[in-house]
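Step one of this worksheet: look at the structure below.
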Number of protein chains: 2
Amino acid sequence: MNMDAIFKVLSNPVRVQILNWLKNPETHFPPMLHLPEEESGKGYVCVGVIHEKTGITQSTVSHYLNLMKQAELLSCKRIGQWTYYRRNEETIKKTAYYISNSL
Amino acid sequence: MNMDAIFKVLSNPVRVQILNWLKNPETHFPPMLHLPEEESGKGYVCVGVIHEKTGITQSTVSHYLNLMKQAELLSCKRIGQWTYYRRNEETIKKTAYYISNSL
DNA sequence: TGACAATATCGATATAATGCGATATTTAGA
DNA sequence: TCTAAATATCGCATTATATCGATATTGTCA
């Protein structure tokens, strides 16, 4: 766990917002029509719809998602021409735990 | 609670370290000889000893402590020519709570 | 294979954070 | 009131982050 990287991610409000939206993808994003059956319901959302919702450029969103992935706050899966990201609850839980106990 | 400011503070390892040291001041710092009786045991540590322990310059330490105070992760009290800082457990608790519940 | 859609990467520039040395401020005490 | 100690602030150079537009890459399908 790279706490530094995690806190850097969290020090930007748009990134925190994305993390929040991904908590309830169904309520914040349209259905992922191209996602195969066996991956649905796992919280995966493709880059494009995140991009549209944020209002910032595609390149910046892509960069953000990559930062969040490197901090292991998100994981991703490429399927066809889409890259789907979802929350990594494990890391989020551990971060809260770290603050509660080790800070 | 300005979460942005809090996470910015936490994204620097020296500042996190300071926060940690202040968790157990007795084990990490010498006794505060000039601190009046009624303030002892409250976790107050003066800037000078924090400065010595970090190994970075006095001006940088002072700046860091101020950032941490503005984020309400620390509070401080000036007594005589010394400024004593201590943890603000309330904010730290709320930060953990925020991550657990709102992130 | 050629065109297109989705995403990632590159290069550039503006803004912010890091961390220093020098100086100012505040307070205590002779 | 002069001096010294503790801390805060200022100005600066360096490095990191934010964010964009342009381009490259990857994958789909006619």
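Proteins come first, then strands; the chains are lettered A, B, ... in the order of their sequence lines, and each starts at number 1.
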Query - Between C1' of D:dA8 and CD of B:Gln70, the distance in whole Å - result: 13 Å
Requested in this report: Please tell me which of the listed nucleotides, D:dT17, D:dA8, C:dA5, lies nearest to the side chain of B:Val47?
Outcome: D:dA8
**Report entry** Among C:dA6, D:dA8, C:dG21, the nucleotide that comes nearest once only the side chain of B:Ser59 is considered
**Finding:** C:dG21
Query - Under 4.0 angstrom between A:Thr60 side-chain N/O and D:dC20 OP1 or OP2 - result: yes
Query raised in the report: How close or far is atom P of C:dA28 from atom NE2 of B:His34, stated in whole angstroms?
Result: 12 Å
Report summary line: Among D:dT7, C:dC20, C:dT18, the one nearest any side-chain atom of B:Tyr64 is C:dT18
Query - Gap between atoms NZ and P, on B:Lys8 and C:dA17 respectively (whole Å) - result: 5 Å
Query raised in the report: Atom CG of A:Leu65 to atom P of C:dA6: distance rounded to whole Å?
Result: 16 Å
Report summary line: Of D:dT17, D:dA5, D:dT19, the nucleotide closest to the side chain of A:His63 is D:dT19
Report task. Check whether any side-chain nitrogen or oxygen of B:Asn12 sits under 4.0 Å from OP1 or OP2 of C:dT18, and answer yes or no. Result -> yes
Query - Heavy-atom closest pair, residues B:Leu22 and B:Tyr85 - result: CD2-O, 4.3 Å
Query - Closest contact, heavy atoms only, B:Cys46 versus B:Met32 - result: N-SD, 3.3 Å
Query raised in the report: Using 30° and 60° as the class limits, which term best fits the ring planes of A:His28 and A:Trp21: parallel, tilted or perpendicular?
Result: tilted
Query raised in the report: Are any side-chain N or O atoms of B:Thr95 and backbone N or O atoms of B:Thr91, one a donor and one an acceptor, separated by less than 3.5 Å?
Result: yes
**Report entry** Touch class at under 4.0 angstrom, heavy-atom based, for B:Tyr84 against every strand present
**Finding:** nothing
Report task. Between D:dA6, C:dA5, C:dA17, spot the one nearest the side chain of B:Trp82, thanks. Result -> D:dA6
Query raised in the report: Expressed in angstrom and rounded to an integer, what is the separation of A:Ile50 atom CD1 from C:dA8 atom C1'?
Result: 14 Å
Query raised in the report: Under 4.0 angstrom, heavy atoms only, what part of the nucleic acid is A:His51 near: base, sugar-phosphate, or nothing?
Result: nothing
Query raised in the report: Taking NZ from B:Lys77 and P from C:dT27, how many angstroms apart are they, rounded to a whole number?
Result: 15 Å
Report summary line: Of C:dG19, D:dT7, C:dT27, the nucleotide closest to the side chain of B:Gln58 is D:dT7
**Report entry** Residue met sooner reading DNA chain D from 5', once A:Gly80 and A:Arg15 are mapped to nucleotides
**Finding:** A:Arg15
Requested in this report: Could you tell me the separation between the CZ atom of B:Phe7 and the P atom of C:dA17, rounded to a whole number of Å?
Outcome: 16 Å
Requested in this report: Please tell me which of the listed nucleotides, D:dA18, D:dA6, C:dG19, lies nearest to the side chain of B:Arg78?
Outcome: D:dA6
Query raised in the report: Is the backbone of A:Glu26 close enough, under 3.5 Å, to the side chain of A:Asn24 for a donor and an acceptor to pair up by distance?
Result: no
Query - 5′-ward residue of the pair A:Ile79/B:Gly48 relative to DNA chain D - result: B:Gly48
Requested in this report: Ignoring hydrogens and angles, answer whether the base of D:dA5 and the side-chain atoms of B:Gln81 contain a donor-acceptor pair closer than 3.5 Å.
Outcome: yes
Query - Working for side chain to side chain contact (heavy atoms under 4.5 Å, CB included), residues B:Leu65 and B:Ser62 - result: CA-CA 5 Å; B:Leu65 293 173; B:Ser62 181; 5.8 Å; no
Query raised in the report: Does A:Thr57 place a side-chain N or O at less than 4.0 Å from the phosphate oxygens OP1/OP2 of D:dT19?
Result: no
Query raised in the report: Nearest of D:dT7, C:dA8, C:dC20 to any side-chain atom of B:Ile56?
Result: C:dC20
